[in-house]
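Everything on this sheet refers to the single structure shown next.
Order of appearance sets the numbers: ligands from 1, and atoms from 1 within every ligand. Hydrogens, waters and symmetry mates are skipped; everything else that's a heavy atom, side chains included, is used.
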Amino acid sequence: MTAAELVVDGLGMQFEGLTALADVTVRVPPGEIHGLIGPNGAGKTTFFNCLTGFYRPTSGAIYLTGQRIDGLPPHVITGLGVARTFQNIRLFANMTVLENVLVGEHQHIAVGGTDILSTRRPVYPTAIERLLILRGFPRAAMNGVIEIAGAIVRPPRVRAAEAAAVARARDLLAAVGLRGRENDLARNLPYGDQRRLEIARALATRPSLLLLDEPTAGMNPQEAGAMVSLIRRIRDEFATTVILIEHQMRVVMGVCENITVLDYGRKIAEGPPAAIQRNPTVIEAYLGTRAIQGGGHAAP
Ligand SMILES: Nc1ncnc2c1ncn2[C@@H]1O[C@H](COP(=O)(O)OP(=O)(O)OP(=O)(O)O)[C@@H](O)[C@H]1O
C-alpha cells in the first residue's frame, strides 16, 4: 500500500435536530501526519465515524486517493485501506496479543478463494463440495461441513497462509514494541501497551490511511513521547497517511504537520502547528492561554 490522499468535501452530519458536522472540507496529502483538534463535542469522533463508514454522512463527499468512499459499508472501506483505533481501547480482552493482531490480518488470508478465518465462501465449488454434491449432500448444509472439514484437514496452502499471517503479526508486534508479549492475554497488558496493540491490529489490515483516536490518552509525558516516535515511524515504515485526534497539545504540536480545528461541527482553522497556536479564533474556542504558554493539555 502507498499512503493515501484524503479529500473531504463539504461533509455534513445531522443527528435529528443536532448538527454534528457542517460543511467540513479537509485535504490531507499522502504521507502527512494530520491533527484533528477541538473542544469536547466538536465533531471529531463523528468525522472519524464518517471516514470509516460507521456513519453515512448526510451531505458532502469523501475521497480516498480519488475513490469516493462515503456511504460504503465499513468492511469495504477497511478493505480499501482505512483503519482506526478507538478513544476507549477496544481489544478482544480474553484473546492473546498475537490473536488480536491476527483478527486484523484475517481479511488478507484468502487462499484460493477461501478465507480461512471467516465464513466467506468461494464462488466456485471446491473438490470437497463437488464430492458431497455427487453423493447427494444437501447444498444448504454445505457451509458448515466445509468449515469443519477445512478446520480438520487444513491443506498445505492454508497452513502456509496461516504461517505467513502469524509471521507478519509477529513482525507488527515487534514494530510497535511488543515483541515477547505475543502469548499474553490482551487484558493483562499495561494500558500503554494496549494502545500499541490496537495500533498493531489496525496496521494488520494494511492501511493507507490510519486514524488514531487519542493515542496518548491516559499516558504520562514519557509514554506520550514514545507514542509520538512510534507514530512517526509508522508513517515512514508503513507508508500511511495518519490523522490523529488528540487533546495533549504537546503531542499535536510535536508530531502533526498540519492541523484542522473543529468547533461545534465547523472547521474554524487549518494550518501548520505554529500558525494554529497563534490563531486568535482557535485560542478563544479551544486552546485558551494555558496551552500556548505551557504546551500542555488544552482545557476542554
Ligand atoms: N449517534 C449519535 N446520535 C446523536 N448525537 C450524536 C451521535 N454521535 C455524536 N453525536 C453528537 O454529535 C456531537 C459531536 O460529537 P463527537 O463525539 O463527534 O465530538 P468529539 O469532538 O469527538 O468530542 P470528544 O472530544 O468529547 O470526544 C455531540 O454533540 C454528540 O453528542
Problem set entry | Side chain Arg201, main chain Asn100, donor-acceptor under 3.5 Å | no
For this session: May I ask which of Ala217, Gly41, Gly265 has a heavy atom nearer to atom 24 (P) of ligand 1 than the others do?
Result: Gly41
For this session: Between Glu16 and ligand 1, find which residue part has any heavy-atom pair under 4.0 Å and reply side chain, backbone, both or neither.
Result: neither
Problem set entry | Closest protein heavy atom to atom 25 (O) of ligand 1, given as residue, atom name and distance to 0.1 Å | Lys44 NZ, 2.8 Å
Exercise. Checking side chain to side chain contact (heavy atoms under 4.5 Å, CB included) for the pair Asn258/Ile276: CA distance, chi angles, key distance, verdict?
Worked result: CA-CA 9 Å; Asn258 280 296; Ile276 293 295; over 6 Å; no
Exercise. Backbone or side chain, does any N or O of Ala42 fall under 3.5 Å from an N or O of ligand 1?
Worked result: yes
Exercise. Does any donor atom in the side chain of Thr241 or Glu32 lie under 3.5 Å from an acceptor atom in the other side chain?
Worked result: no
Exercise. When you check the gap from the basic side-chain N to the acidic O, do Arg90 and Glu198 get nearer than 4.0 Å?
Worked result: no
For this session: Give a yes/no on ligand 1: does Gly38 have at least one heavy atom closer than 4.0 angstrom to it?
Result: no
Problem set entry | Protein heavy atom at shortest distance from atom 22 (O) of ligand 1 | Thr45 OG1, 2.7 Å
For this session: For this output row, return yes or no: ring centroids of Tyr55 and Phe15 closer than 6.0 angstrom.
Result: yes
Exercise. For atom 3 (N) of ligand 1, what's the nearest protein heavy atom and its distance?
Worked result: Phe15 CD2, 3.4 Å
Exercise. Name the one of Leu72, Leu209, Thr65 that satisfies side chain to side chain contact (heavy atoms under 4.5 Å, CB included) with Leu80?
Worked result: Leu72
Exercise. What residue among Glu223, Arg195, Glu246 forms side-chain hydrogen bond (donor to acceptor under 3.5 Å, both in side chains) with Thr216?
Worked result: Glu246
Problem set entry | N-O pairing of Asp23 and Arg266 below 4.0 Å | no
Exercise. To which protein heavy atom is atom 18 (O) of ligand 1 closest, and what is the distance rounded to 0.1 Å?
Worked result: Thr46 OG1, 2.6 Å
Exercise. Less than 4.0 Å between atom 14 (C) of ligand 1 and some protein heavy atom, yes or no?
Worked result: yes
Problem set entry | Distance from atom 1 (N) of ligand 1 to nearest protein heavy atom, with residue and atom | Tyr55 OH, 3.0 Å
Exercise. Which atoms of ligand 1 sit under 4.0 Å from any heavy atom of His247?
Worked result: 25 (O)
Exercise. Which one holds for Leu18 and ligand 1: side chain close, backbone close, both close, or neither close, with close meaning a heavy atom under 4.0 Å?
Worked result: side chain
Problem set entry | Non-hydrogen protein atom less than 4.0 angstrom from atom 31 (O) of ligand 1 | no
Problem set entry | Side chain Lys44, main chain Pro39, donor-acceptor under 3.5 Å | yes
Exercise. Are Met13 and Val7 in one and the same hydrophobic cluster, where Ile, Leu, Val, Met, Phe, Trp and Tyr link if side-chain heavy atoms are under 4.5 Å apart?
Worked result: no
For this session: Distance to 0.1 Å, residue and atom name: give those for the protein heavy atom nearest to atom 27 (O) of ligand 1.
Result: Gln87 OE1, 3.5 Å
Problem set entry | ligand 1 to Asn40 polar contact by distance, N or O atoms, under 3.5 Å | yes
Problem set entry | ligand 1 versus Phe47: contacting region, heavy-atom distance under 4.0 Å | neither
